[in-house]
Protein chains: 2
Amino acid sequence: MSETERWQAAEQLALALAEGGLQRMPARALAVFLFTGDETVTMGEIADRLGVSAGSVSGAVKALLSVGLIERLPAPGSRREHYRLRDDAWSTLFSAQNTVVGVMLKAADTGIAATASGDPAHERLTRMRDFYRFLLGELPGLLRRWEEQHPPR
Amino acid sequence: MSETERWQAAEQLALALAEGGLQRMPARALAVFLFTGDETVTMGEIADRLGVSAGSVSGAVKALLSVGLIERLPAPGSRREHYRLRDDAWSTLFSAQNTVVGVMLKAADTGIAATASGDPAHERLTRMRDFYRFLLGELPGLLRRWEEQHPPR
DNA sequence: CTAAGCCTTCAGAAATTTCTGAAATTTCGC
DNA sequence: GCGAAATTTCAGAAATTTCTGAAGGCTTAG
(Lines give C-alpha, C1' and ligand atoms only; values in the text may rest on other atoms or scores of the structure.)
Protein backbone atom coordinates (compact mmCIF):
# COMPACT_ATOMS: atom_id res chain seq x y z
CA MET A 1 0.00 0.00 0.00
CA SER A 2 2.41 2.66 -1.25
CA GLU A 3 1.84 6.36 -1.55
CA THR A 4 2.01 5.90 -5.28
CA GLU A 5 -0.85 3.45 -5.16
CA ARG A 6 -2.87 5.80 -3.03
CA TRP A 7 -2.64 8.66 -5.48
CA GLN A 8 -3.20 6.42 -8.43
CA ALA A 9 -6.47 5.42 -6.80
CA ALA A 10 -7.19 9.10 -6.27
CA GLU A 11 -6.75 9.95 -9.94
CA GLN A 12 -8.87 6.99 -10.88
CA LEU A 13 -11.65 8.27 -8.66
CA ALA A 14 -11.27 11.72 -10.20
CA LEU A 15 -11.99 10.20 -13.58
CA ALA A 16 -15.16 8.58 -12.24
CA LEU A 17 -16.28 11.89 -10.77
CA ALA A 18 -15.68 13.57 -14.11
CA GLU A 19 -17.82 10.92 -15.76
CA GLY A 20 -20.50 11.80 -13.28
CA GLY A 21 -20.72 15.37 -14.49
CA LEU A 22 -18.09 17.23 -12.48
CA GLN A 23 -15.51 19.19 -14.45
CA ARG A 24 -12.02 17.80 -14.58
CA MET A 25 -10.25 20.11 -12.18
CA PRO A 26 -12.95 20.17 -9.49
CA ALA A 27 -13.04 16.38 -9.76
CA ARG A 28 -9.29 16.05 -9.24
CA ALA A 29 -9.40 18.48 -6.33
CA LEU A 30 -12.22 16.52 -4.73
CA ALA A 31 -10.12 13.39 -5.01
CA VAL A 32 -7.39 15.15 -3.02
CA PHE A 33 -9.91 16.04 -0.32
CA LEU A 34 -10.88 12.38 -0.13
CA PHE A 35 -7.45 10.80 -0.17
CA THR A 36 -5.37 13.20 1.89
CA GLY A 37 -4.07 11.83 5.16
CA ASP A 38 -4.72 15.17 6.87
CA GLU A 39 -7.98 16.36 8.34
CA THR A 40 -7.94 19.56 6.30
CA VAL A 41 -6.29 20.83 3.13
CA THR A 42 -5.05 24.19 1.87
CA MET A 43 -5.09 25.44 -1.71
CA GLY A 44 -1.32 25.30 -1.83
CA GLU A 45 -1.32 21.63 -0.90
CA ILE A 46 -3.83 20.85 -3.62
CA ALA A 47 -1.77 22.74 -6.19
CA ASP A 48 1.39 20.88 -5.15
CA ARG A 49 -0.30 17.50 -5.15
CA LEU A 50 -1.88 17.93 -8.58
CA GLY A 51 0.94 19.93 -10.11
CA VAL A 52 -1.39 22.61 -11.44
CA SER A 53 -1.52 26.39 -11.19
CA ALA A 54 -2.92 28.27 -8.20
CA GLY A 55 -5.51 29.79 -10.50
CA SER A 56 -6.90 26.41 -11.44
CA VAL A 57 -7.14 25.38 -7.81
CA SER A 58 -8.89 28.61 -6.91
CA GLY A 59 -11.54 27.96 -9.53
CA ALA A 60 -11.94 24.33 -8.56
CA VAL A 61 -12.33 25.08 -4.84
CA LYS A 62 -14.83 27.80 -5.64
CA ALA A 63 -16.89 25.32 -7.66
CA LEU A 64 -16.78 22.68 -4.92
CA LEU A 65 -17.82 25.24 -2.32
CA SER A 66 -20.72 26.47 -4.43
CA VAL A 67 -22.25 23.00 -4.68
CA GLY A 68 -21.62 22.30 -1.01
CA LEU A 69 -19.17 19.44 -1.33
CA ILE A 70 -16.48 21.06 0.82
CA GLU A 71 -16.46 23.71 3.53
CA ARG A 72 -14.08 26.44 4.60
CA LEU A 73 -12.98 26.04 8.21
CA PRO A 74 -12.84 28.79 10.81
CA ALA A 75 -9.23 29.89 10.34
CA PRO A 76 -7.03 28.51 13.14
CA GLY A 77 -4.79 31.57 13.15
CA SER A 78 -3.09 30.57 9.94
CA ARG A 79 -2.68 32.75 6.93
CA ARG A 80 -3.84 30.01 4.65
CA GLU A 81 -7.47 29.03 4.35
CA HIS A 82 -8.24 25.45 5.33
CA TYR A 83 -10.94 23.35 3.68
CA ARG A 84 -12.34 19.87 4.14
CA LEU A 85 -14.83 17.48 2.65
CA ARG A 86 -18.32 17.87 4.11
CA ASP A 87 -19.95 14.93 5.86
CA ASP A 88 -22.98 15.11 3.61
CA ALA A 89 -20.95 15.50 0.43
CA TRP A 90 -22.25 12.37 -1.27
CA SER A 91 -25.92 12.97 -0.82
CA THR A 92 -25.29 16.56 -1.88
CA LEU A 93 -23.56 15.39 -5.03
CA PHE A 94 -26.38 12.99 -5.79
CA SER A 95 -28.98 15.70 -5.32
CA ALA A 96 -27.07 18.10 -7.53
CA GLN A 97 -26.95 15.54 -10.30
CA ASN A 98 -30.69 15.14 -9.99
CA THR A 99 -31.38 18.83 -10.41
CA VAL A 100 -31.76 17.86 -14.03
CA VAL A 101 -34.90 15.91 -13.12
CA GLY A 102 -36.76 19.11 -12.35
CA VAL A 103 -35.61 20.71 -15.58
CA MET A 104 -36.79 17.71 -17.58
CA LEU A 105 -40.15 17.78 -15.89
CA LYS A 106 -40.61 21.41 -16.78
CA ALA A 107 -39.52 20.81 -20.37
CA ALA A 108 -42.06 18.01 -20.68
CA ASP A 109 -44.84 20.25 -19.38
CA THR A 110 -43.94 22.92 -21.92
CA GLY A 111 -44.08 20.35 -24.68
CA ILE A 112 -47.43 19.02 -23.52
CA ALA A 113 -48.84 22.52 -23.62
CA ALA A 114 -47.53 22.99 -27.16
CA THR A 115 -49.17 19.87 -28.60
CA ALA A 116 -52.78 18.78 -29.05
CA SER A 117 -54.15 15.66 -27.43
CA GLY A 118 -54.31 12.97 -30.07
CA ASP A 119 -50.95 14.04 -31.45
CA PRO A 120 -48.48 11.18 -30.90
CA ALA A 121 -46.06 13.71 -29.45
CA HIS A 122 -48.62 14.58 -26.80
CA GLU A 123 -48.73 10.99 -25.59
CA ARG A 124 -44.96 10.60 -25.56
CA LEU A 125 -44.50 13.79 -23.60
CA THR A 126 -47.16 12.77 -21.11
CA ARG A 127 -45.39 9.49 -20.49
CA MET A 128 -42.14 11.38 -20.04
CA ARG A 129 -43.74 13.77 -17.59
CA ASP A 130 -45.18 10.92 -15.57
CA PHE A 131 -41.74 9.34 -15.20
CA TYR A 132 -39.98 12.46 -14.00
CA ARG A 133 -42.88 13.30 -11.74
CA PHE A 134 -42.51 9.85 -10.21
CA LEU A 135 -38.76 10.31 -9.76
CA LEU A 136 -39.12 13.70 -8.19
CA GLY A 137 -41.50 12.16 -5.71
CA GLU A 138 -39.25 9.25 -4.82
CA LEU A 139 -35.89 10.96 -4.40
CA PRO A 140 -36.59 12.83 -1.14
CA GLY A 141 -37.62 9.60 0.57
CA LEU A 142 -34.52 7.89 -0.72
CA LEU A 143 -32.22 10.47 0.84
CA ARG A 144 -34.22 10.48 4.05
CA ARG A 145 -33.71 6.74 4.40
CA TRP A 146 -29.98 7.22 3.87
CA GLU A 147 -29.74 9.81 6.59
CA GLU A 148 -31.70 7.65 8.97
CA GLN A 149 -29.35 4.73 8.41
CA HIS A 150 -26.20 6.83 8.53
CA PRO A 151 -26.62 9.92 10.70
CA PRO A 152 -23.77 12.46 10.47
CA ARG A 153 -21.13 11.91 13.15
CA MET B 1 -49.88 26.36 -30.23
CA SER B 2 -47.90 27.00 -33.42
CA GLU B 3 -45.39 24.71 -35.05
CA THR B 4 -42.76 27.26 -34.12
CA GLU B 5 -43.67 26.93 -30.47
CA ARG B 6 -43.53 23.19 -30.68
CA TRP B 7 -40.00 23.12 -32.03
CA GLN B 8 -38.85 25.79 -29.65
CA ALA B 9 -40.01 23.52 -26.85
CA ALA B 10 -38.13 20.67 -28.53
CA GLU B 11 -34.86 22.59 -28.61
CA GLN B 12 -35.39 23.62 -25.00
CA LEU B 13 -35.76 19.98 -24.04
CA ALA B 14 -32.64 19.12 -26.02
CA LEU B 15 -30.72 21.55 -23.86
CA ALA B 16 -32.01 19.86 -20.72
CA LEU B 17 -31.00 16.47 -22.05
CA ALA B 18 -27.54 17.81 -22.82
CA GLU B 19 -27.32 19.05 -19.23
CA GLY B 20 -28.15 15.54 -18.16
CA GLY B 21 -25.10 14.10 -19.80
CA LEU B 22 -26.13 13.38 -23.39
CA GLN B 23 -24.04 14.90 -26.12
CA ARG B 24 -25.49 17.79 -28.04
CA MET B 25 -26.44 16.09 -31.27
CA PRO B 26 -27.93 12.93 -29.76
CA ALA B 27 -29.88 15.20 -27.43
CA ARG B 28 -31.30 17.24 -30.30
CA ALA B 29 -32.15 14.10 -32.23
CA LEU B 30 -33.93 12.64 -29.21
CA ALA B 31 -35.98 15.82 -28.99
CA VAL B 32 -37.12 15.23 -32.57
CA PHE B 33 -38.17 11.69 -31.67
CA LEU B 34 -40.23 13.12 -28.84
CA PHE B 35 -41.85 16.02 -30.61
CA THR B 36 -42.54 14.66 -34.07
CA GLY B 37 -46.20 14.29 -34.98
CA ASP B 38 -45.46 11.01 -36.77
CA GLU B 39 -45.20 7.57 -35.21
CA THR B 40 -41.74 6.98 -36.66
CA VAL B 41 -38.88 9.06 -38.04
CA THR B 42 -36.20 8.60 -40.69
CA MET B 43 -32.68 9.96 -40.62
CA GLY B 44 -33.47 12.30 -43.48
CA GLU B 45 -36.34 13.83 -41.55
CA ILE B 46 -34.10 14.41 -38.54
CA ALA B 47 -31.45 16.02 -40.71
CA ASP B 48 -34.02 18.30 -42.35
CA ARG B 49 -35.63 19.25 -39.05
CA LEU B 50 -32.35 20.08 -37.35
CA GLY B 51 -30.60 21.47 -40.41
CA VAL B 52 -27.49 19.37 -39.84
CA SER B 53 -25.47 16.97 -41.98
CA ALA B 54 -26.40 13.36 -42.61
CA GLY B 55 -23.14 12.35 -40.97
CA SER B 56 -24.08 14.01 -37.72
CA VAL B 57 -27.47 12.33 -37.71
CA SER B 58 -25.91 8.96 -38.39
CA GLY B 59 -23.66 9.34 -35.37
CA ALA B 60 -26.45 10.60 -33.15
CA VAL B 61 -28.84 7.78 -34.07
CA LYS B 62 -26.09 5.25 -33.52
CA ALA B 63 -25.50 6.64 -30.05
CA LEU B 64 -29.20 6.61 -29.18
CA LEU B 65 -29.53 3.04 -30.40
CA SER B 66 -26.54 1.89 -28.39
CA VAL B 67 -28.01 3.12 -25.12
CA GLY B 68 -31.43 1.73 -26.00
CA LEU B 69 -33.38 4.99 -26.18
CA ILE B 70 -34.72 4.38 -29.68
CA GLU B 71 -35.32 1.29 -31.82
CA ARG B 72 -35.10 0.47 -35.50
CA LEU B 73 -38.42 -0.71 -36.88
CA PRO B 74 -38.97 -3.67 -39.19
CA ALA B 75 -38.83 -1.86 -42.52
CA PRO B 76 -42.36 -1.27 -43.84
CA GLY B 77 -41.34 -1.65 -47.48
CA SER B 78 -39.51 1.65 -47.56
CA ARG B 79 -35.95 2.14 -48.57
CA ARG B 80 -35.31 4.34 -45.59
CA GLU B 81 -34.88 2.96 -42.11
CA HIS B 82 -37.51 4.01 -39.64
CA TYR B 83 -36.84 4.62 -35.95
CA ARG B 84 -38.93 5.51 -32.94
CA LEU B 85 -38.58 6.30 -29.26
CA ARG B 86 -38.76 3.21 -27.08
CA ASP B 87 -41.47 2.93 -24.47
CA ASP B 88 -38.96 2.39 -21.70
CA ALA B 89 -36.67 5.19 -22.86
CA TRP B 90 -36.87 7.20 -19.66
CA SER B 91 -36.07 4.47 -17.21
CA THR B 92 -33.29 3.40 -19.57
CA LEU B 93 -31.87 6.90 -19.60
CA PHE B 94 -32.07 7.07 -15.82
CA SER B 95 -30.30 3.75 -15.47
CA ALA B 96 -27.58 4.78 -17.89
CA GLN B 97 -26.93 7.90 -15.90
CA ASN B 98 -26.59 5.78 -12.80
CA THR B 99 -23.97 3.54 -14.31
CA VAL B 100 -21.63 5.98 -12.66
CA VAL B 101 -22.79 4.74 -9.28
CA GLY B 102 -21.14 1.40 -9.84
CA VAL B 103 -17.92 3.03 -10.99
CA MET B 104 -17.83 5.22 -7.90
CA LEU B 105 -18.37 2.24 -5.66
CA LYS B 106 -15.48 0.41 -7.24
CA ALA B 107 -13.24 3.47 -6.98
CA ALA B 108 -14.07 3.77 -3.28
CA ASP B 109 -13.17 0.13 -2.69
CA THR B 110 -9.84 0.62 -4.42
CA GLY B 111 -9.13 3.60 -2.23
CA ILE B 112 -10.05 1.74 0.93
CA ALA B 113 -7.66 -1.03 0.00
CA ALA B 114 -4.89 1.53 -0.55
CA THR B 115 -5.19 3.20 2.87
CA ALA B 116 -4.67 2.00 6.43
CA SER B 117 -7.48 2.03 8.97
CA GLY B 118 -6.89 4.98 11.25
CA ASP B 119 -5.95 7.15 8.28
CA PRO B 120 -8.58 9.89 7.90
CA ALA B 121 -8.79 9.01 4.22
CA HIS B 122 -9.79 5.49 5.14
CA GLU B 123 -12.81 6.76 7.07
CA ARG B 124 -13.87 9.17 4.34
CA LEU B 125 -13.67 6.47 1.70
CA THR B 126 -15.64 4.06 3.86
CA ARG B 127 -18.42 6.59 4.25
CA MET B 128 -18.38 7.15 0.51
CA ARG B 129 -18.57 3.43 -0.17
CA ASP B 130 -21.52 3.04 2.22
CA PHE B 131 -23.44 5.73 0.37
CA TYR B 132 -22.97 4.29 -3.09
CA ARG B 133 -23.63 0.78 -1.79
CA PHE B 134 -26.91 2.09 -0.39
CA LEU B 135 -27.82 3.74 -3.69
CA LEU B 136 -27.01 0.68 -5.72
CA GLY B 137 -29.34 -1.27 -3.47
CA GLU B 138 -32.21 1.18 -3.74
CA LEU B 139 -32.26 1.89 -7.47
CA PRO B 140 -33.60 -1.46 -8.68
CA GLY B 141 -36.61 -1.21 -6.36
CA LEU B 142 -37.25 2.32 -7.55
CA LEU B 143 -37.45 1.28 -11.18
CA ARG B 144 -39.55 -1.75 -10.29
CA ARG B 145 -42.11 0.47 -8.59
CA TRP B 146 -42.23 2.66 -11.69
CA GLU B 147 -42.89 -0.26 -13.96
CA GLU B 148 -45.61 -1.56 -11.68
CA GLN B 149 -47.36 1.79 -11.71
CA HIS B 150 -46.92 2.36 -15.44
CA PRO B 151 -46.74 -0.90 -17.37
CA PRO B 152 -45.70 -0.56 -21.04
CA ARG B 153 -48.68 -0.27 -23.35
C1' DC C 1 1.75 51.21 8.86
C1' DT C 2 4.42 48.18 6.08
C1' DA C 3 5.65 44.14 3.92
C1' DA C 4 5.00 39.46 2.62
C1' DG C 5 2.27 35.88 1.29
C1' DC C 6 -2.11 34.01 -0.31
C1' DC C 7 -5.99 34.20 -3.17
C1' DT C 8 -8.69 35.85 -7.12
C1' DT C 9 -9.38 37.25 -11.71
C1' DC C 10 -9.09 37.19 -16.51
C1' DA C 11 -7.12 37.31 -21.15
C1' DG C 12 -5.08 34.32 -24.09
C1' DA C 13 -3.06 29.56 -25.14
C1' DA C 14 -3.81 24.82 -25.37
C1' DA C 15 -6.42 20.82 -25.52
C1' DT C 16 -10.49 18.53 -26.33
C1' DT C 17 -14.82 17.82 -28.20
C1' DT C 18 -18.03 18.20 -31.92
C1' DC C 19 -19.59 18.86 -36.64
C1' DT C 20 -19.19 18.82 -41.43
C1' DG C 21 -18.35 17.33 -46.13
C1' DA C 22 -17.20 14.09 -49.30
C1' DA C 23 -15.92 9.54 -50.52
C1' DA C 24 -16.87 4.70 -49.83
C1' DT C 25 -20.16 1.23 -48.73
C1' DT C 26 -24.48 -0.90 -48.24
C1' DT C 27 -29.28 -1.62 -49.36
C1' DC C 28 -33.33 -2.11 -51.93
C1' DG C 29 -36.39 -1.56 -55.88
C1' DC C 30 -36.50 -2.65 -60.45
C1' DG D 1 -27.58 -8.12 -61.28
C1' DC D 2 -27.83 -2.76 -61.88
C1' DG D 3 -28.44 1.57 -60.47
C1' DA D 4 -30.27 4.95 -57.42
C1' DA D 5 -30.72 6.31 -52.87
C1' DA D 6 -29.54 6.04 -48.12
C1' DT D 7 -26.17 5.36 -44.67
C1' DT D 8 -21.58 5.03 -42.70
C1' DT D 9 -17.02 6.52 -42.08
C1' DC D 10 -13.35 9.56 -41.22
C1' DA D 11 -10.07 13.34 -41.83
C1' DG D 12 -9.98 17.95 -41.09
C1' DA D 13 -12.38 22.41 -39.64
C1' DA D 14 -14.77 24.78 -36.21
C1' DA D 15 -16.36 25.60 -31.79
C1' DT D 16 -16.18 24.98 -27.11
C1' DT D 17 -14.12 23.98 -22.92
C1' DT D 18 -10.24 24.09 -19.86
C1' DC D 19 -5.83 25.59 -18.05
C1' DT D 20 -2.20 28.67 -17.31
C1' DG D 21 0.38 32.75 -16.06
C1' DA D 22 0.70 37.16 -14.52
C1' DA D 23 -1.25 41.23 -12.46
C1' DG D 24 -3.86 43.03 -8.73
C1' DG D 25 -6.27 42.88 -4.30
C1' DC D 26 -6.76 41.34 0.27
C1' DT D 27 -5.30 39.68 4.72
C1' DT D 28 -2.27 39.11 8.52
C1' DA D 29 2.13 39.31 11.11
C1' DG D 30 5.29 42.27 12.84
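Everything numeric in this text was worked out from a predicted model, so none of it was measured. We name chains A, B, ... by the order of the sequence lines, and we start the count at 1 in each one.
Note on A/V57: nothing from the nucleic acid sits closer than 4.0 angstrom, heavy atoms only. Within the nucleic acid shown, B/V61 has no heavy atom closer than 4.0 Å to any nucleic acid atom.
Note on B/R84 versus B/E71: salt bridge recorded, some NZ/NE/NH1/NH2 to OD/OE distance being below 4.0 Å. Using a 4.0 Å cut-off between charged nitrogen and carboxylate oxygen, B/R127 and A/D88 do not count as a salt-bridge pair. Using a 4.0 Å cut-off between charged side-chain N and carboxylate O, B/R28 and B/E11 make a salt bridge. Using a 4.0 Å cut-off between a side-chain N of Lys or Arg and a carboxylate O of Asp or Glu, A/D119 and B/R6 qualify as a salt bridge. Using a 4.0 Å cut-off between charged nitrogen and carboxylate oxygen, A/E148 and A/R145 do not count as a salt-bridge pair.
Rounding to whole angstrom units, CE of residue A/M43 and P of D/dC19 are separated by 15 Å. Between A/R80 atom CZ and D/dA29 atom C1' there is a gap of 15 Å when expressed in whole angstrom units. Taking atom CD of residue B/E45 and atom P of nucleotide D/dA5, one finds them 17 Å apart after rounding to whole Å. Whole-Å rounding puts the A/L64 CG to C/dT8 P distance at 12 Å. Note: CG (A/L50) to C1' (D/dT20) measures 14 Å, nearest angstrom. One interatomic measurement links the two molecules: CD of A/E81 to P of C/dG5, which rounds to 17 Å at whole-angstrom precision. Atom CG of B/L73 and atom P of D/dA6 are 18 Å apart (whole Å).
Taking only side-chain nitrogens and oxygens, A/K62 never comes nearer than 4.0 Å to OP1 or OP2 of C/dC7. The side chain of B/S56 places an N or O atom within less than 4.0 Å of a non-bridging phosphate oxygen (OP1 or OP2) of C/dT20.
The side chain of B/S53 lies closest to C/dT20 when the candidates are C/dT9, C/dT20, D/dT9. You'll find that the side chain of B/R72 is closest to D/dT8, out of D/dT8, D/dA6, C/dT8.
Between atom CD of residue B/E138 and atom CG of residue B/L135 there is a gap of 8.0 Å, rounded to the nearest 0.5 Å.
Counting heavy atoms from C-beta on, the side chains of A/M128 and B/L34 come closer than 4.5 Å.
Listed in residue order, the members of residues 18-28 of chain A having a heavy atom less than 4.0 Å from DNA chain D are A/Q23, A/R24, A/M25.
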